[in-house]
Number of protein chains: 2
Amino acid sequence: MIVTDNIEQSTRKKIFIVAARLFAEKGYSAVSMREISEQAGLSKPTIYYYFGSKEGIYKELVTTGVSHILSAIESTYSLDLSVKEKLNLILKKFFYACQNFPEFTKFMSNLMCSAEKMDFMVNFRAQTNRKEKFLINLFRQGIRSGELDSSLDPKTAAHIYTGVLMHFIMIQLATKEIVLSDDLADNILNTLISGMRKL
Amino acid sequence: MIVTDNIEQSTRKKIFIVAARLFAEKGYSAVSMREISEQAGLSKPTIYYYFGSKEGIYKELVTTGVSHILSAIESTYSLDLSVKEKLNLILKKFFYACQNFPEFTKFMSNLMCSAEKMDFMVNFRAQTNRKEKFLINLFRQGIRSGELDSSLDPKTAAHIYTGVLMHFIMIQLATKEIVLSDDLADNILNTLISGMRKL
DNA sequence: AAATTTCTACCGAACGGTAGGTATGTAAAA
DNA sequence: TTTTACATACCTACCGTTCGGTAGAAATTT
């Protein structure tokens, strides 16, 4: 049973990883089941045996990715840190994921900011909104506590933060050189908090 | 002769617009020539008559879009404005394009930040780099003139700016409500320049 | 001015190929 | 002996593309 489970798990995982890489590289429509099966070293029906359909693989990748992202962000909730430190931590968490799971990160990045409106991906925006709302609340909290300027609109601030975060992830995903670092994260957050102007 | 030219132009334009919308909505691979021809009210071979291939349409859309973006940014070069004012103007230009040509803007947005690495789109990064370099130079200039903080890294600053710009465009493109405005542009830029912290 | 040729702007039908998906079989494990 | 974990061979639908053609305007010749 243990052996079977391992085989089952490893084959399934293999397909999962290959599919994530291919979808990340080329987008949903441009990837064929033949490609996935070949690169996974399996036959096509085996893919169907595990995932049922092309949509099936994709949906499972999305579900897994979304839950990881949400937990990465929301796990900062109960930490005893300032808002700035929390924002810094989230930035670093994403930078870390970007370095260590670039293909999966790319898959999620594409999913969130790209085209390919797929009919079967309906209730996905709800998940994205939860992330956004958490960030807005974080900024609101920073304003209330006096850490951030009271004239700041928390929603706009959250959008600025998200935009910057996503853009640096995309820059990293586009090159082989390492561009993201803890130092850069500190730098970015300092710039956002303190501003670009000369004092 | 004049009439013929108009017919030629209008048919071509029709295909162009329909293709831009479809590519923006679904991505390159998910759009078929049948779809384009049907929505343009023409036969499939007619599309080939004008554009030669699916790649042909796409490439022409890209070329057109890239040149528009570059000119939008680079046209600010000779203006007698402060760096902050120039950044503000660019922001507003893009917001404007986003409101008035949402489909084309979406097409370009997808092109720049999404998956679908297409083999035939090789020398495209060069164009993107030109845009980035212009912005970096703008920030460098602001630092030199004392308008921006001397500890600011112009490259990082340019990336922050671009990330924020793109993200707000994507937010607008995802909803039917109007979210972008000149006021918002002022707000965003003020936040970036002055920072989020309480003084 | 009439007849002829040429060109533009299109279309229906069909091509080879590939897509997602499946009916059926089998070898090994439980 | 049944179930699990695969593979072979195949299906239909649709893909991008091309072929062969045509209506009609424009240019040229007679």
Side-chain angles (χ1 to χ4, degrees), chain A residues 1-62 107 115-121, chain B residues 1-62 107 115-121:
Chain A
M1 201 205 283
I2 294 164
V3 176
T4 314
D5 273 358
N6 282 349
I7 287 167
E8 212 250 289
Q9 281 307 313
S10 74
T11 304
R12 208 187 153 77
K13 197 166 184 176
K14 182 77 196 262
I15 297 168
F16 209 62
I17 292 170
V18 166
R21 190 185 65 234
L22 286 172
F23 284 141
E25 270 169 17
K26 316 208 286 176
Y28 181 77
S29 303
V31 175
S32 72
M33 295 299 265
R34 183 178 54 78
E35 249 180 312
I36 297 174
S37 69
E38 275 173 9
Q39 294 210 17
L42 296 161
S43 72
K44 234 180 0 156
T46 303
I47 317 290
Y48 283 89
Y49 176 75
Y50 282 103
F51 290 93
S53 68
K54 193 183 177 184
E55 284 186 21
I57 312 180
Y58 196 81
K59 280 182 182 170
E60 198 161 320
L61 278 168
V62 171
F107 175 83
E116 291 230 64
K117 276 284 163 307
M118 275 152 305
D119 310 336
F120 60 88
M121 292 298 306
Chain B
M1 204 204 284
I2 294 164
V3 176
T4 314
D5 272 357
N6 282 348
I7 287 168
E8 212 251 287
Q9 281 306 314
S10 73
T11 303
R12 207 187 154 77
K13 197 165 185 178
K14 181 78 196 258
I15 297 168
F16 208 63
I17 292 169
V18 166
R21 191 184 63 233
L22 286 172
F23 284 140
E25 271 169 17
K26 317 209 284 178
Y28 181 76
S29 303
V31 175
S32 72
M33 294 300 263
R34 183 179 55 78
E35 254 181 305
I36 297 174
S37 69
E38 275 173 8
Q39 294 209 18
L42 295 161
S43 71
K44 251 196 313 177
T46 301
I47 316 290
Y48 282 88
Y49 175 76
Y50 282 103
F51 290 93
S53 67
K54 193 182 177 185
E55 282 187 24
I57 312 180
Y58 196 82
K59 280 181 181 171
E60 198 161 317
L61 280 167
V62 171
F107 174 84
E116 292 228 67
K117 278 283 162 307
M118 276 152 303
D119 309 336
F120 61 88
M121 292 297 308

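Order of the sequence lines sets the chain letters (A, B, ...), proteins ahead of strands, with each chain counted from 1.
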Ignoring backbone atoms, establish whether [X] has a side-chain N or O less than 4.0 Å from OP1 or OP2 of [N].
| X | N | answer |
| --- | --- | --- |
| A/Y49 | D/dC6 | no |
| B/Y50 | C/dT8 | no |
| B/T11 | C/dA9 | no |

- Row check, B/Y49 ring normal vs B/R12 NZ/CZ: under 6.0 Å, within 45°: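 Checked: cation-pi criterion not met.
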- Applying ring pair (Phe, Tyr, Trp, His ring centres under 6.0 Å), name anything that partners A/F107, two or more places apart in sequence or on another chain.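 Partners of A/F107 under the ring pair (Phe, Tyr, Trp, His ring centres under 6.0 Å) test: A/Y58.
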- Message: Quick check for you: to the nearest 0.5 Å, what is the distance between A/E35 atom CD and A/E25 atom CD?
- Response: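 Here the interatomic distance stands at 9.0 Å.
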- To the nearest 0.5 Å, tell me how far B/I47 CD1 sits from B/L42 CG.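 Here the rounded value is 5.5 Å.
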How long is the line joining [atom1] of [X] and [atom2] of [N], in whole Å?
| X | N | atom1 | atom2 | answer |
| --- | --- | --- | --- | --- |
| A/I15 | D/dC6 | CD1 | P | 8 Å |
| B/F23 | D/dG16 | CZ | C1' | 12 Å |
| B/F51 | D/dG16 | CZ | C1' | 16 Å |
| B/L22 | D/dC15 | CG | C1' | 16 Å |
| A/I47 | D/dA5 | CD1 | P | 14 Å |
| A/R12 | D/dC6 | CZ | C1' | 15 Å |

- For every nucleotide of nucleotides 11-24 of chain C, 5' to 3': is a protein heavy atom under 4.0 Å from its base (B), only from its sugar-phosphate (S), or from neither (-)? BB-B----SBBB--
- Query: Which residues pass the salt bridge (Lys or Arg N to Asp or Glu O under 4.0 Å) test with B/K59, sequence neighbours left out?
  - Reply: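 Result, salt bridge (Lys or Arg N to Asp or Glu O under 4.0 Å) vs B/K59: B/E55.
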- Message: Walk me through whether B/K54 and B/F23 qualify under side-chain contact (heavy atoms from CB on, under 4.5 Å).
- Response: CA-CA 11 Å; B/K54 193 182 177 185; B/F23 284 140; 4.2 Å; yes
